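Being a predicted model, the structure only gives us computed values, none of them experimental. All values below come from the heavy atoms of this structure, side chains included, with hydrogens, waters and symmetry mates left out. Residue numbers start at 1 and run along the sequence shown.
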Amino acid sequence: IRKEHKYQVKMTKDLRKWRKKIDRVDKKLEKLLAKREKLVVEIGKIKKSKDLDVEQLSREKEVFSKIKNPRTKRIFKEIIKISKESQSKL
């Protein structure tokens, strides 16, 4: 039982170490996404003033063409969806 307990403690310490690293990355992502949202709003204002559609499929294709990882691409699809929602509300 003691050996198993030591293993669990080590696993917990290892997990905490890695989770702290993830927390730091998440914090950076949060800041970058907030910055991106501000840019999205500014672009949305320009689109509105020029009477352009919120949805710009050629731009979306351009963004997706730069992303190779399928999981990352899924995340960006959601980011773009939310960006279009933000621009639609302007």
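For Val63 against Ile80, the heavy-atom pair with the smallest separation is CG1-CD1, 4.0 Å. Residues Lys47 and Val54 come closest through the heavy atom pair NZ-O, 2.7 Å. Taking all atoms of both residues into account, the shortest heavy-atom contact from Leu90 to Lys48 is O-NZ, 2.9 Å.
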Trace of the side-chain contact (heavy atoms from CB on, under 4.5 Å) decision for Lys84 with Glu60: CA-CA 11 Å; Lys84 289 190 284 191; Glu60 288 181 38; 3.0 Å; yes

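Using a 4.0 Å cut-off between charged side-chain N and carboxylate O, Glu78 and Lys73 make no salt bridge.
Distance alone, capped at 3.5 Å, is enough to place a donor-acceptor pair between the Asn69 side chain and the Arg71 backbone.
For the atom pair OG1 of Thr72 and CD1 of Ile79, the computed distance is 9.5 Å after rounding to the nearest 0.5 Å. With rounding to the nearest 0.5 angstrom, the CG atom of Leu52 is 10.5 Å from the CD atom of Gln87.
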Identify all side-chain donor-acceptor contacts of residues 22-38 below 3.5 Å with residues at least two apart in sequence or on another chain.
unit_1 : atom_1 : unit_2 : atom_2 : d
Arg36  : NH1    : Ser83  : OG     : 2.9
Glu37  : OE2    : Ser86  : OG     : 2.7

